[in-house]
Novice: 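What follows is a structure written as structure tokens; I'll ask about it next.
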Amino acid sequence: MTFEPFFTHGASRSNPWLITCDHANNTVPDFVNGGDLGLAQADMQRHIAYDIGAAGVTRALADILDAPAILSNFSRLVIDPNRGMDDPTLLMKLYDGTIIPGNRTADDAERQRRINGCYTPYHTAYETLAKRPNTVLVSIHSFTPRLKGRDLRPWEIGVLYHTDTSMALPLIDSLSAALDTPVGNNEPYAGHLPGDAIDQHGLQKNRPNVLIEIRNDLIETEQDQVKWAHFLAAHLVKARAMTNL
């Protein structure tokens, strides 16, 4: 069976939104160590391998907004599509205290093989969808409530951005008015890494964009994923109206 490095959902839809999910799946293609990175199955189900619940939110949000979506179909531990090509964490050998056995001896040739088989096809398809008129990028991610040895994170949701705040700041204001918990303002992560997916397809191409992080224990079930998608859709539409995009 031919490996597909990405999935599209509603690709023919004409709504300007483009919903993306860079860490949608924990798949390890057969051409990478025979489909095994040497981790226990329990580790492959953790946040280190993919963004738990993010794929379901992405599809549901795309349906609600009548928008196209693109989702990766390979684990971030194979190669991380939300990193620039020269980022040292593009191919992770240690993540949140866990050594990735299948990556420990990966050399430049292996790194390039994974780029060719996963990373480049995903970004090529991403850019094809993003070229539609007036595209607004919405990137869906999830985060673990607590990293190993760290404090419990106080946010249910975070909004990440860099130089383009056109969608992010109105969205933060809208979400903050609706939630009792704090909205992460460039939390739990900084909103920019040079060459990351939003940088490549949003900032460098002058496309409005926002990256949303949802705490993963809140979106483990399909029911919760749909609930959060409806919640996000309302606030995204409101934020976009405030910016006249």
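Treat the numbers as computed from the prediction; the structure is a model and nothing was measured.
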Novice: Taking atom CG as the centre, does Asp108 end up with more than 12 heavy-atom neighbours from other residues, nucleotides or ligands that are less than 6.0 angstrom away?
Specialist: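 Incorrect, the count does not exceed 12.
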
Novice: Knowing that exactly one of Ile157, Val57, Leu218, Ile219 qualifies, which makes a side-chain contact (heavy atoms from CB on, under 4.5 Å) with Ser142?
Specialist: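 Checked Ile157, Val57, Leu218, Ile219 against Ser142; only one passes side-chain contact (heavy atoms from CB on, under 4.5 Å): Ile219.
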
Novice: Can a salt bridge be assigned to the pair Asp43 and Arg46 using a cut-off of 4.0 Å between side-chain N and carboxylate O?
Specialist: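 Answer for the salt bridge query: yes.
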
Novice: Determine yes or no for a side-chain-to-main-chain donor-acceptor pair under 3.5 angstrom, with Arg240 supplying the side chain and Val136 the backbone.
Specialist: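 No, Arg240 side chain to Val136 backbone: no donor-acceptor pair under 3.5 Å.
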
Novice: If you measure only the distance, is there a donor-acceptor pair under 3.5 Å linking the side chains of Tyr161 and Asn209?
Specialist: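 Asn209 and Tyr161 do not have a side-chain donor-acceptor pair below 3.5 Å.
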
Novice: For atom CZ of Arg132, decide whether the heavy atoms of other residues, nucleotides or ligands shown that lie under 6.0 angstrom number more than 12.
Specialist: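 Yes, enclosed.
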
Novice: Any side-chain to backbone donor/acceptor pair from Arg207 onto Ala130? Under 3.5 Å, distance only.
Specialist: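 Present.
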
Novice: What closest approach, in Å, do Gly117 and Phe3 show between heavy atoms, and which atom pair accounts for it?
Specialist: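 Closest heavy-atom pair between Gly117 and Phe3: O-CE2, 4.0 Å.
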
Novice: For Asn103 and Leu91, indicate whether the former's side chain and the latter's backbone hold a donor-acceptor pair under 3.5 Å.
Specialist: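 Side chain of Asn103 to backbone of Leu91, a donor-acceptor pair under 3.5 Å: no, none is there.
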
Novice: So, Asn82 side chain and Ala197 main chain: donor-acceptor pair closer than 3.5 Å or not?
Specialist: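 It does hold such a pair.
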
Novice: Which atom names give the shortest non-hydrogen contact between Ile48 and Arg76, and what distance separates them?
Specialist: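 Shortest heavy-atom separation between Ile48 and Arg76 comes out as O-CD, 3.0 Å.
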
Novice: Hey, is CD on Gln112 packed in by over 12 heavy atoms from elsewhere, all under 6.0 Å?
Specialist: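 More than 12 within 6.0 Å, yes.
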
Novice: For atom CD of Gln223, decide whether the heavy atoms of other residues, nucleotides or ligands shown that lie under 6.0 angstrom number more than 12.
Specialist: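 Incorrect, the count does not exceed 12.
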
Novice: Assert yes or no for the condition that the ring centre distance of His23 to His47 is strictly below 6.0 Å.
Specialist: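 Distance test on ring centres: not under 6.0 Å, no.
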
Novice: Taking the side chain as every heavy atom from C-beta outward, state whether Leu236 and Leu61 have any atom pair closer than 4.5 Å.
Specialist: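 Yes, side chains in contact.
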
Novice: If the threshold is 4.0 Å, N to carboxylate O, is there a salt bridge linking Asp63 and Arg13?
Specialist: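 Yes, this pair counts.
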
